[in-house]
Amino acid sequence: MPVTAYDLTGRTAFVTGAASGIGRATAVLLAQAGATVHCADRDARGLDGTVAAIRASGTAAHPHKLDVTDREQVDQAVTEAAAATGRLEVVAAVAGIMHSSPVLETRDEDLDRVLGVNFKGVLYACQAAARVMLAAASGGSIVTMASGAVDTGGPGLLCYGAAKAAVVQLTKTLATEVGAHGIRVNAVAPGWIRTPMTDRHDAAAQAHTEEFMARRAPLGRVGAPEEVAHAVLYLASDASSFTTGQILRPNGGVAMPW
Ligand code: NAI
């Protein structure tokens with residue numbers, strides 16, 4: 001029997017980073033839950049794959065090729081997504097890039113690039129989403145993608161961790177500003193998830209992480225994109241109707257902050 005609190009039938013969702021990894025798994029799962037999904041990414045080929053997979057299962061999906069660091073492109077795509085029904089119930093800002101450099105070797109261009117995608121890209125999606133949701137006056141759920149880096153830190157994580165910490169601050173701040181309008185804003189902070197992003201790490205780094213998770217994480221393994229997508233679905237749906245300004249951590253238990 002379907003659990004109705006997770007049912008997104010008749011709702012419209014907008015997902016950035018939808019061409020790959022966690023974003024793709026999220027777009028596919030939100031569609032399985034019944035939402036019409038607008039898939040945004042700069043990778044046109046990957047987007048086509050996600051949209052085809054969703055349509056093959058009989059749900060509507062629409063691609064938006066865009067760069068999340070371009071405010072105008074994000075505004076336009078979010079506005080288009082809301083045009084059909086006048087509403088946009090769910091926005092998941094998942095697009096992100098990895099970067100690692102020691103503090104003493106970090107250049108301005110590293111900071112600008114990582115903060116541009118991982119923070120400003122999320123900010124633009126949140127601003128566009130909140131404007132559309134406020135205008136529709138029917139509430140909504142915004143989900144941002146942080147990272148376990150906000151809990152643990154680690155060598156090389158200055159740019160990436162700073163951007164993700166800023167995403168957490170954005171999430172909490174926006175939650176306080178729009179909660180009275182029935183708009184909820186929450187972050188997901190995954191631990192190590194096997195995706196094309198992590199597959200691009202060198203073999204030694206991957207082996208080290210898998211060994212670390214096997215030894216230190218209570219669940220003894222790295223995660224799968226679908227396991228993060230389920231966290232997003234929870235926050236996107238009415239199942240989390242009393243939850244806002246929170247960080248949900250699908251991380252295998254590797255960090256357990258208060
Ligand atoms: P991925 O590399 O598989 O997917 C990222 C997607 O974002 C790609 O489709 C890429 O084209 C898109 N993207 C990147 N820059 C963009 C831009 N400027 N404009 C539009 N699209 C852009 O990576 P993954 O692992 O699925 O990561 C998704 C999110 O989850 C990221 O925000 C990442 O920081 C976060 N995350 C991932 C973890 C992991 O272990 N894989 C752990 C914690 C957080």
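Atoms within a ligand are numbered from 1 in the order they appear, just like the ligands themselves.
- Between M213 and V254 there is a side-chain heavy-atom pair separated by less than 4.5 Å.
- Counting protein heavy atoms only, atom 18 (N) of ligand 1 is closest to D67 OD1, 2.9 Å.
- At least one heavy atom of G191 lies less than 4.0 angstrom from ligand 1.
- Looking only at heavy atoms of the protein, atom 28 (C) of ligand 1 is closest to V94 O, 3.6 Å.
- Looking at ligand 1, you won't find any N or O of S147 less than 3.5 Å from one of its N or O atoms.
- Side chains of R24 and C39 form no contact here, defined as non-hydrogen atoms less than 4.5 Å apart.
- In this structure the side chain of D67 reaches within 4.5 angstrom of the side chain of Q73, judged on heavy atoms.
- Taking each heavy atom of A236 and S141 in turn, the nearest pair found is CA-OG, 3.5 Å.
- The W192 neighbourhood of ligand 1 comprises atoms 40 (O), with distances under 4.0 Å to a heavy atom of that residue.
- Close N/O approach between I97 and ligand 1 is not found [any backbone or side-chain N/O within under 3.5 Å].
- Looking from atom 23 (O) of ligand 1 to the surrounding protein, the closest heavy atom is M197 CB, 3.2 Å.
- Nearest heavy atom pair, residue E89 against residue G10, reads OE2-O, 4.4 Å.
- The shortest contact between atom 36 (N) of ligand 1 and any protein heavy atom is with Y160 OH, 3.5 Å.
- Proximity of M197 to R200: side-chain heavy atoms (C-beta onward) are separated by under 4.5 Å at one or more points.
- Ring-plane geometry between W192 and H201 is classed as perpendicular, the angle between the planes exceeding 60 degrees on a 0 to 90 degree scale with a lower cut at 30.
- One option in V222, T209, T195, T16 has a heavy atom closer to atom 24 (P) of ligand 1 than any other, and that option is T195.
- Considering both main-chain and side-chain atoms, I22 comes within under 3.5 Å of ligand 1 through a nitrogen or oxygen pair.
- Remark: minimum distance from atom 19 (N) of ligand 1 to any protein heavy atom is reached at V68 N, 2.9 Å.
- Looking only at protein heavy atoms, the nearest one to atom 40 (O) of ligand 1 is I193 N, 2.8 Å.
- Close contacts of ligand 1 with G21, meaning ligand atoms under 4.0 Å from a residue heavy atom, involve 3 (O), 26 (O).
- The side-chain heavy atoms of I247 and T171, taken from C-beta on, include no pair separated by under 4.5 Å.
- Salt bridge D48/R45: absent, no basic N to carboxylate O contact under 4.0 Å.
- Ligand 1 has a nitrogen or oxygen under 3.5 angstrom from a nitrogen or oxygen of S20.
- For A146, the closest heavy-atom approach to ligand 1 falls below 4.0 Å.
- Side-chain contact between M98 and T195: absent, with no pair of heavy atoms (C-beta onward) separated by less than 4.5 Å.
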Output a table of donor-acceptor pairs, distance under 3.5 Å, between side-chain atoms of residues 118-129 and any protein atom two or more places apart or on a different chain; print 'none' if there are none.
| residue | atom | partner | partner atom | Å |
| --- | --- | --- | --- | --- |
| N118 | OD1 | I97 | N | 2.8 |
| N118 | ND2 | I97 | O | 2.8 |
| Q127 | OE1 | R71 | NH1 | 2.6 |
| Q127 | OE1 | R71 | NH2 | 3.1 |

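- Heavy-atom contacts of G96 reach the following atoms of ligand 1: 5 (C), 7 (O), 14 (C), 31 (C), 32 (O) (cutoff under 4.0 Å).
- Scanning the protein heavy atoms around atom 30 (O) of ligand 1, the nearest turns out to be M145 CG, 3.3 Å.
- Nearest heavy atoms, A81 versus T12: O-CG2, 3.7 Å.
- Distances between N or O atoms of P190 and those of ligand 1 include no value under 3.5 Å.
- Atoms of ligand 1 found under 4.0 Å from any heavy atom of L66, numbered from 1 in the order shown, are 19 (N), 20 (C).
- The V117 neighbourhood of ligand 1 comprises atoms 15 (N), 18 (N), with distances under 4.0 Å to a heavy atom of that residue.
- Taking every non-hydrogen atom of P196 and a distance limit under 4.0 Å, the qualifying atoms of ligand 1 come out as 3 (O).
- Contact annotation: the side chain of T59 never approaches that of V37 to less than 4.5 Å [non-hydrogen atoms, C-beta and beyond].
- Q206 and E210 are not linked by any side-chain donor-acceptor pair at a separation below 3.5 angstrom, with hydrogens and angles left out of the test.
- Protein heavy atom in closest approach to atom 9 (O) of ligand 1: D41 OD2, 2.6 Å.
- By the 3.5 Å distance cut-off applied to N or O atoms, N118 is not counted among the residues near ligand 1.
- Under a 4.0 angstrom heavy-atom cut-off, R200 registers as being in contact with ligand 1.
- At least one N/O-N/O distance between K164 and ligand 1 falls below 3.5 Å.
- Of the candidates R24, H99, R42, it is R42 that places a heavy atom closest to atom 15 (N) of ligand 1.
- Put simply, the residue from N251, V232, V94 that forms a side chain to side chain contact (heavy atoms under 4.5 Å, CB included) with V188 is V232.
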